[in-house]
J.: 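After the C-alpha cells below, expect a handful of questions from me.
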Amino acid sequence: MRWSQLFIPTLREDPADAEVASHKLLLRAGYIRQLAAGVYSYLYLGQRSALKIMQIIREEMDRIGAQEFYLPAIQPGELWKATGRWDEMAATMFQLKDHSGRDLCLGMTHEEVMTDIARHELRSYRQLPQIWYQIQVKFRDEARPKSGLMRLRQFLMKDSYSFDLDEAGLDTSYKKHYDAYCRIFTRCGLDYKIVEAYSGAMGGSQSHEFMVVSPAGEDQVATCVKECGYAANLEKARARVQPVKDDEGDRSPEVFPTPNVRTIEELVAFTGVKPEFLMKALVYVLPAADKREQKDQMVLALLRGDHQLNEAKLADALGGVTSRPAHPEEIRRQFGAEPGFLGPLGQKGIRLLVDEALRGRRNLITGANRNDHHVRHVTPEKDFTGEYHDLRLVADGDPCARCGRPLTVASAIELGHIFKLGRRYAEALGARVLDRDGREVTLVMGSYGIGVERILTAAVEQHHDQDGIKLPRSIAPFEVVVTPTNLNQAPIRQAAEQLYAELRQQGLDVLYDDRDERAGVKFKDADLIGVPLRLTLGKKTAQGLVELGQRSTGERADARISEAVGLVRSRYCG
RNA sequence: CGGGGCGUGGCGCAGCCUGGUAGCGCGCCUGCUUUGGGAGCAGGAGGCCGUGGGUUCGAAUCCCACCGCCCCGACCA
C-alpha cells in the first residue's frame with residue numbers, strides 16, 4: 001500500500017485521556033479512536049491487526065475441529081429468563097424493548113443462544129461431540145470502562161461452546177481448547193501464563209485463565225517462583241500458612257477494655273501483641289433467598305489478624321452466593337456493638353465461617369461485642385464453633401500450597417478463559433439427547449472465550465518502547481515498510497518502487513512510504529506504528545545498497561538491493 | 001454507585017483566582033529554501049470557550065443545574 005494514499009493519523013503528543021502505554025500508543029499510532037467511554041472505532045491499522053489476530057484464532061479453532069457460526073447480537077429476553085440470567089446479569093446487560101414492548105438484550109455472551117440451537121437440533125449421542133464457535137461483538141454495560149481497549153463496553157470475542165455426552169467428553173473438548181489457546185497466544189507473540197481460575201457466576205467445575213503479566217492488568221495472579229508450576233488467579237489461589245506458636249494453656253476468655261481501639265493496627269499498638277495472634281471478624285449479609293418473608297442472613301467471617309478476606313472464596317463457602325459487607329446499623333442490631341469490637345462469642349442466629357488458618361489455634365484476641373472492649377484467651381472449638389473454610393486472600397511471599405516456596409503476586413491481563421460449565425445451561429433450557437441405551441441425557445457443556453482487543457492491548461503492553469509499538473510480525477498491520485529518504489532523487493525513488501513491487505509479489509504485506517516527507521518524519525512514523533522490518537533507500541542507494549532495520553531489536557544491516565528481497569524472505573519473513 | 005480531576009481551533013495546553021478585543025506550541029493551507037531521526041523563513045485558514053439557566057452595562061472568567069471524558073474505589077460472565 002502506498003502510504004500517501006492511506007489514512008494513518010499519527011499523533012506527535014500523548015493524548016490527554018490516555019494513561020496506560022497501550023492506550024496512548026494505539027491512539028498515537030492511529031490504530032483506534034474513541035467514540036464514547038469504553039467504545040472505540042478501529043481505524044485502518046487497528047482493523048488490519050484485529051483481522052490478523054482473528055485469522056490466527058480461526059485457524060487454530062478450525063484445527064481442533066471447531067465449526068464457525070455467526071450468532072445474533074440481539075437476543076430475546078425469554079432465553080435469558082429461562083436460565084435465570086436476565087435478572088442475575090441485569091447490572092451489566094444492555095436490556096431494551098422492541099416496538100411492541102418485548103424484552104430484548106444485546107448479547108454479553110452466548111451460552112443461551114448456542115444452547116438454544118443445541119436443544120432444537122441435537123437428538124442423538126451419535127451427533128456428539130460438537131464444538132461451535134464464533135467471533136462476534138459483545139456488549140457489556142461496564143460500570144467503569146478503562147485503560148483504552150482493556151475494559152470495553154463493546155468488544156470482539158471469540159467464544160466457543162462444546163457439547164458432550166458426559167464428563168469424559170467434556171474433558172477432551174476442554175483439553176483441545178487448552179491446547180488451541182496455547183497455540184493462539186504463542187502465534188500472537190505473547191509471553192503468557194495459564195492460571196487456575198475462579199468460575200464465578202458462570203458456574204461449573206474447572207476453569208483456567210490465560211494471562212499476560214502487566215502492570216496495566218486488572219486481575220491479580222499468584223505464581224510459584226519455582227518450577228512446581230503452580231499459578232492461580234488470586235481469587236482462587238491457595239497457600240500454606242506460616243505456623244504460629246500460641247500461648248499454651250487452657251485459659252478462659254477474659255474481657256478487657258480497649259477504648260477507641262478498632263482496627264488491627266490499633267489493637268497491635270495498644271496491646272503490643274502481633275497481628276497473627278489476633279482474630280478479625282468481618283460481617284457479611286446474604287441477600288434473602290427467593291421469598292420476601294425470609295430475611296437477610298448474616299455471616300461472620302473470622303480470619304487471622306494479618307490475613308485478608310478473599311470474597312470469591314467466601315462466595316464459594318456460601319455455596320456460590322455473593323454476599324455484601326454488612327452496613328453499620330445491621331451490625332449494631334446483631335452484635336450490640338460497633339464494627340471494630342466484634343467477635344464470635346455469644347452469637348446466635350448467625351453463621352460462623354472460620355478460616356483454615358485458625359484451626360488449632362489457642363488463646364487469641366478478638367472483639368468482645370461490646371464497645372471499647374476486646375476479649376483475650378479465645379480458643380476456637382473450645383469457646384465457639386464454626387465451619388472451617390479457606391477464606392484467605394493469598395499475599396505476595398506466602399508459601400506455595402504445592403511446594404512451599406514463595407508465591408509472587410502480580411497484575412495481569414486476562415486474554416482468555418475456559419470453563420467446564422457442566423449441565424447448568426443445558427438443564428435450564430432442556431438440551432438433551434438419547435444415549436446408546438435410548439435414555440434421554442442432558443448435555444455437558446464447556447464454554448471458552450478469547451478477547452480479541454485484549455490480545456492487541458497485551459501485545460502492545462509487552463512489545464513497545466519510547467518510540468512506539470513493536471508488534472510481532474504475525475499481528476502487525478504491515479510486515480515491511482519501504483522507506484525512500486528522498487523522493488526527489490530518481491535513483492532512490494526507482495529502487496524503492498521496484499523493491500515495493502517485488503516484495504508485494506512475494507505476498508508480503510508491504511507499506512511503501514511514498515509521502516513527500518523528510519526522512520526523520522518517516523522513520524518516526526514507521527517506529528510508532530510498529531512495522532517489524534524497514535528497508536531504507538538513501539545515501540547508499542548509489543552503491544547498490546539498502547539498509548534493513550528490525551524494529552524489535554533495533555538491528556540494522558546493509559544488503560545489496562538485488563539480494564534484498566531474497567534476504568527478506570529467508571531471514572526476516574520466512 | 002461513592003470519591004477526585006478535567007471540558008477553550010484537529011491535537012497538547014495557557015487564560016478563569018481579580019469579569020472588559022480569545023492566546024501559545026504542534027498540526028493544516030500557499031510560496032521559497034532544506035532533505036538519514038518529528039526542518040527554516042514568510043504569508044494564511046480555522047474557535048457555539050461542553051450544554052442550559054442565572055448575576056451583571058458586559059461572562060471563557062462569578063453562581064446554579066445538567067451532560068461528557070479520565071483516574072481511584074465498589075462492581076465485573
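Numbers restart at 1 for each chain; the letters A, B, ... are given by sequence-line order, proteins then strands. Remember, predicted model here, so these are calculated numbers, not experimental data.
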J.: For A:Thr10 and for A:Thr92, find the nucleotide of RNA chain B with the closest heavy atom, then tell me which residue's nucleotide is more 5'.
T.: A:Thr10
J.: Check side chain to side chain donor-acceptor pair (under 3.5 Å) between A:Asp558 and all other residues, then give those that pass, not counting sequence neighbours.
T.: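 Partners of A:Asp558 under the side chain to side chain donor-acceptor pair (under 3.5 Å) test: A:Lys540.
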J.: Aromatic contact between A:Trp132 and A:Tyr161, with the criterion being ring centroids under 6.0 Å apart: yes or no?
T.: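 A:Trp132 vs A:Tyr161: aromatic centres not under 6.0 Å.
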J.: Watson-Crick or G-U wobble partner for B:A22, using a 3.5 Å limit on both distances?
T.: none
J.: Among B:G38, B:G36, B:C76, which nucleotide has an atom closest to any side-chain atom of A:Glu547?
T.: B:G36
J.: Can you find a donor-acceptor pair, distance only, under 3.5 Å between A:Asp527 side chain and B:G37 base?
T.: yes
J.: Which residues in residues 555-563 of chain A have a heavy atom closer than 4.0 Å to any atom of RNA chain B?
T.: A:Arg556
J.: Using the side chain to side chain contact (heavy atoms under 4.5 Å, CB included) criterion, which residues pair with A:Asp141? Sequence neighbours excluded.
T.: A:Phe94, A:Arg153
J.: When you match A:Pro145 and A:Asp525 each to their closest nucleotide on RNA chain B, which lands nearer the 5' end?
T.: A:Asp525
J.: Indicate the ring-plane relationship of A:His417 and A:Phe419, choosing parallel, tilted or perpendicular according to the 30° and 60° boundaries.
T.: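 Ring orientation, 0 to 90° scale: parallel.
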J.: Provide the Watson-Crick or G-U wobble partner of B:G58, both distances under 3.5 Å; none if there is no partner.
T.: none
J.: Need the pair for B:C49. Rule: Watson-Crick or G-U wobble, both distances under 3.5 Å, any strand; none if unpaired.
T.: none
J.: Please list, for nucleotides 27-34 of chain B, all pairs of protein and nucleotide N/O atoms separated by less than 3.5 Å.
T.:
from: B:G27; atom 1: OP1; to: A:Arg12; atom 2: NH2; distance (Å): 3.4
from: B:U34; atom 1: O2; to: A:Arg518; atom 2: NH1; distance (Å): 2.7

J.: Taking only residues two or more places apart in sequence or in another chain, which ones pass side chain to side chain donor-acceptor pair (under 3.5 Å) with A:Glu502?
T.: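 For A:Glu502 the side chain to side chain donor-acceptor pair (under 3.5 Å) partners, ignoring immediate neighbours, are A:Gln498.
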J.: Does any donor atom in the side chain of A:Tyr284 or A:Glu311 lie under 3.5 Å from an acceptor atom in the other side chain?
T.: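 Yes, side-chain donor-acceptor contact under 3.5 Å.
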J.: Looking only at side-chain N and O atoms, does A:Gln34 come under 4.0 Å of OP1 or OP2 in B:C70?
T.: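 So the side-chain polar atoms of A:Gln34 do come within 4.0 Å of the phosphate oxygens OP1 or OP2 of B:C70, strictly under.
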J.: Using a cut-off of 4.0 Å between protein heavy atoms and nucleotide atoms, how would you tag nucleotides 2-10 of chain B 5' to 3' with B, S and -?
T.: ---------
J.: Tell me which residues in residues 146-160 of chain A lie within less than 4.0 Å of RNA chain B, going by non-hydrogen atoms.
T.: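 Those residues whose heavy atoms fall under 4.0 Å from RNA chain B, taken from residues 146-160 of chain A in numerical order, are A:Lys146, A:Ser147, A:Arg151, A:Phe155, A:Met157.
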J.: Residues in ring pair (Phe, Tyr, Trp, His ring centres under 6.0 Å) with A:Tyr500, at least two apart?
T.: A:Tyr512
J.: Across all strands shown, which nucleotide pairs with B:G31 by Watson-Crick or G-U wobble geometry, both distances under 3.5 Å?
T.: B:C41
J.: Just jot down the salt bridge (charged side-chain N to carboxylate O under 4.0 Å, His left out) partners of A:Glu427, sequence neighbours excluded, or say none.
T.: none
J.: What pairs with A:Arg515 under side chain to side chain contact (heavy atoms under 4.5 Å, CB included), at least two apart in sequence or on another chain?
T.: A:Trp3, A:Ser4, A:Asp513, A:Glu517, A:Lys522, A:Asp525
J.: Which residue in the set A:Tyr448, A:Phe210, A:Tyr133 passes ring-ring contact (aromatic ring centres under 6.0 Å, His included) when paired with A:His177?
T.: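 Of A:Tyr448, A:Phe210, A:Tyr133, ring-ring contact (aromatic ring centres under 6.0 Å, His included) with A:His177 is met by A:Tyr448 alone.
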J.: Looking at A:Phe523, is A:Arg534 sitting on its ring face, NZ or CZ under 6.0 Å from the six-membered ring centre and within 45 degrees of the normal?
T.: yes
J.: Return the set of residues passing side chain to side chain contact (heavy atoms under 4.5 Å, CB included) with A:Ala564 (not counting sequence neighbours), or none when no residue passes.
T.: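 Listed in chain order: A:Leu499, A:Val546.
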J.: Write down the partner of B:G68 under the Watson-Crick or G-U wobble criteria, each distance required to be under 3.5 Å.
T.: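 Result: B:C6.
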J.: Not counting sequence neighbours, which residues clear side chain to side chain contact (heavy atoms under 4.5 Å, CB included) with A:Glu196? List them please.
T.: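 Side chain to side chain contact (heavy atoms under 4.5 Å, CB included) list for A:Glu196, sorted by chain: A:His208, A:Tyr230, A:Ala232, A:Lys236, A:Arg238, A:Arg402.
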J.: Once you apply the 3.5 Å cut-off to both distances, tell me the Watson-Crick or G-U wobble partner of B:C76, or none.
T.: none
